[in-house]
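Notes for the one structure printed next.
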Amino acid sequence: MNILAIIPARYASTRFPGKPLAMLHGKPVIQHVYNQVAAVLPDTYVATDDKRIFNTVNDFGGRAVMTSPCHRSGTDRVMEAVRIVGKDHNVAINIQGDEPFICAEQIRTLCRLFEDSSTEIATLGKRFDTIDEVENPNSPKIVIDNKSFALYFSRSVVPYIRGAERAERMKRYPFLKHIGIYGYRTDVLEAVTNLPPSSLEMAENLEQLRWLENGYRIKVGITDIETIGIDTPDDLKKAEQYMETMMKP
């Protein structure tokens with residue numbers, strides 16, 4: 001299996017413009033992400049629409065490709081990068097450029113899902129720790145079937161636990177948090193990027209619902225490792241504190 005890793009990274013961001021270049025423990029955020037991914041998948045590239053990010057990646061010895069500024073999503077940017085790189089890959093892995101703590105075992109777990117020939121698209125899920133996290137609409141939930149394929153993704157609390165008090169709901173069902181790393185067979189990636197936005201996608205603002213609504217199957221691997229994404233300047237401060245804690249003897 002020939003796997004290509006793509007890290008989409010835009011400069012423009014409503015909540016944190018320029019976050020791929022924000023400094024975290026002496027290095028740009030995008031360098032932390034790149035180093036984590038490339039240690040597992042040597043064929044790794046950053047896909048960006050900004051020369052500053054492109055130059056930064058080249059300066060620290062990474063590989064980057066320039067892509068269109070007009071993409072609707074990171075998935076579309078990944079598809080363009082796959083075409084630009086132009087090698088013979090069976091699978092493309094999409095790791096967000098704001099995940100400096102993405103773990104090697106999470107990447108390997110995702111890649112192993114493609115050992116099953118029926119896997120078209122893959123992602124990860126993790127058990128929620130608290131009911132407060134379950135109720136956060138910024139943390140999408142996954143409902144899976146008995147073969148670990150996704151039935152649905154939602155910002156709402158799904159499934160609804162009938163007849164249970166709030167404090168009892170997590171005992172009744174293992175709510176699963178979506179971890180936003182994806183893998184695609186490259187022919188499937190090309191197909192899904194040509195699909196128009198779907199009604200469920202627009203309702204929940206979750207791109208993966210477009211794929212489900214059009215009949216594609218998403219295999220879900222389970223991880224017990226939490227990710228620490230950076231969406232805001234406050235998240236960066238927390239990440240810096242976390243790095244300092246990790247560096248202590």
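One is the number of the first residue; the rest follow in order along the sequence.
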Would you say the side chain of Arg166 lies within less than 4.5 Å of the side chain of Asp132, judging by non-hydrogen atoms?
yes
If you take the centroid of each ring, where Trp contributes its six-membered ring, are Phe60 and Tyr34 closer together than 6.0 Å?
yes
Apply side chain to side chain donor-acceptor pair (under 3.5 Å) to the pair Thr123 and Gln208, showing each step before the final yes or no.
CA-CA 10 Å; Thr123 193; Gln208 59 271 36; over 6 Å; no
If we ignore hydrogens and angles and just use 3.5 Å, is the side chain of Asn194 paired with the main-chain N or O of Glu190 as donor and acceptor?
yes
From CA spacing to verdict: side-chain contact (heavy atoms from CB on, under 4.5 Å), Thr48, Met66:
CA-CA 5 Å; Thr48 186; Met66 285 295 297; 4.0 Å; yes
Which one of Leu176, Val143, Leu151 satisfies the side-chain contact (heavy atoms from CB on, under 4.5 Å) criterion with Val158?
Val143
Have Tyr11 and Asp49 got a donor and an acceptor in their side chains that come within less than 3.5 Å?
no
Does a side-chain heavy-atom distance below 4.5 Å link Ser139 with His178?
no
Provide the closest heavy-atom pair for Ile3 versus Cys111 in the form atom of the first, atom of the second, distance.
CD1-SG, 3.7 Å
Does the side chain of Phe153 come within less than 4.5 Å of Glu204's, by heavy atoms?
no
Tyr182 side chain reached by Trp211 side chain, heavy atoms, under 4.5 Å
yes
Quick one: are His71 and Arg10 in side-chain contact, heavy atoms under 4.5 Å?
no
Backbone of Ile225 reached by a side-chain donor or acceptor of Gln106 within 3.5 Å:
yes
Would you call Glu213 and Arg210 a side-chain contact if the rule is heavy atoms closer than 4.5 Å?
no
Does Phe114 have Arg185 sitting over its ring (NZ/CZ under 6.0 Å from centre, angle to axis within 45°)?
no
Looking at Lys219 and Asp145, is there a salt bridge between them, counting it only when a charged N and a carboxylate O are closer than 4.0 Å?
no
Any Lys/Arg nitrogen of Glu133 or Lys126 sitting under 4.0 Å from an Asp/Glu carboxylate oxygen of the other?
no
Can Glu207 and Arg72 be counted as an ion pair, charged N to O under 4.0 angstrom?
no
Flag this pair as yes if the NZ/CZ of Lys19 is under 6.0 angstrom from the six-membered ring centre of Phe16 and inside a 45 degree cone about the axis; otherwise no.
no
Between Glu240 and Lys237, is there a salt bridge with N-O shorter than 4.0 Å?
no
Does any part of the side chain of Leu110, heavy atoms only, come nearer than 4.5 Å to the side chain of Ile107, both counted from C-beta?
no
Could you see if Leu124 belongs to whatever hydrophobic cluster contains Ile93? Use Ile, Leu, Val, Met, Phe, Trp, Tyr and a side-chain cutoff under 4.5 Å.
yes
May I ask you to say whether Arg63 pairs ionically with Asp43, meaning some side-chain N is under 4.0 Å from a carboxylate O?
yes
